[in-house]
Amino acid sequence: MRHATVFPLAIAGGVLLTLMTQANAVLAGYTDPLYASWAAHAIGALVAAALVPVFARRAPAPGPDDGRPPLWYHLGGVPGALVVVLSAIAVNSELALAGTVALMLTGQMIFGTVSDHLGLLHTPRRRVTGMDLAVAGCVLAGSVLIVAGA
């Protein structure tokens, strides 16, 4: 991916995450976090079902070494659903939206670092460097400042 497109995509992803979290929190405020999580995943499944036929035609043909994914890959939605429930609870608490997004960002950084180190999800293994730890420490420190200031 070209460097010029990475920054706008990162900003768009962050904005989309914030908007989705806020919409989920509003729905949880009127119903409950479990229903809000179910509704969010149902809408996501409908959007995915509509987009798969569009992008499936553009996807390259599978290679000879492409096999079936491991069964544990199918459990990815379970932690995702729990994160949506917990974020709906957190947004409607004293943490509000900023604290919730800070905690989600911290969790993503930790999971990404562990995934890179262990080579999860067929990513190449990579050593955790001092720069990785420094970046994670800055994000964690910023998250602590946001949550502590709430």
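Pairs passing the salt bridge (Lys or Arg N to Asp or Glu O under 4.0 Å) check and including a residue from residues 23-50, sequence neighbours excluded, do not occur. Screening residues 14-36 for ring pair (Phe, Tyr, Trp, His ring centres under 6.0 Å) gives Y35-W38 as the qualifying pairs, with residues at least two apart or on separate chains. For residues 104-115, the pairs satisfying side chain to side chain donor-acceptor pair (under 3.5 Å) are T106-S143, with sequence neighbours left out. Within the structure, side chain to side chain donor-acceptor pair (under 3.5 Å) pairs that include any residue of residues 42-56 do not occur (at least two apart or interchain).
Residues forming a side-chain hydrogen bond (donor to acceptor under 3.5 Å, both in side chains) with T21 (at least two apart in sequence, or on another chain): none. Listed by chain and number, the residues in a salt bridge (Lys or Arg N to Asp or Glu O under 4.0 Å) with D116 are R126 (sequence neighbours excluded). By the side-chain contact (heavy atoms from CB on, under 4.5 Å) test, L118 pairs with V114, L120, sequence neighbours left out.
Cluster annotation: L34 is connected to I89 through the hydrophobic network of ILVMFWY side chains, with a link wherever side-chain heavy atoms come within less than 4.5 Å. By the rule that hydrophobic residues join a cluster once side-chain heavy atoms approach within less than 4.5 Å of another member, L19 and I11 end up as members of one cluster.
When hydrophobic side chains of Ile, Leu, Val, Met, Phe, Trp and Tyr are connected at separations under 4.5 Å, M20 ends up clustered with L16. The other members of the hydrophobic cluster of L105, by chain and number, are M109, M131, V135, V139 (side-chain heavy atoms under 4.5 Å, ILVMFWY only).
Between A88 and P33 the shortest heavy-atom distance is CB-CB, 4.1 Å. R125 approaches H117 most closely through the heavy-atom pair CG-O, 3.9 Å. Considering all non-hydrogen atoms of both residues, A25 and N92 come closest at O-ND2, 3.2 Å.
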Show every donor-acceptor pair shorter than 3.5 Å between a side-chain atom in residues 39-54 and any protein atom, with sequence neighbours excluded, or say none if there are none.
| from | atom 1 | to | atom 2 | distance (Å) |
| --- | --- | --- | --- | --- |
| H41 | ND1 | S37 | O | 2.9 |

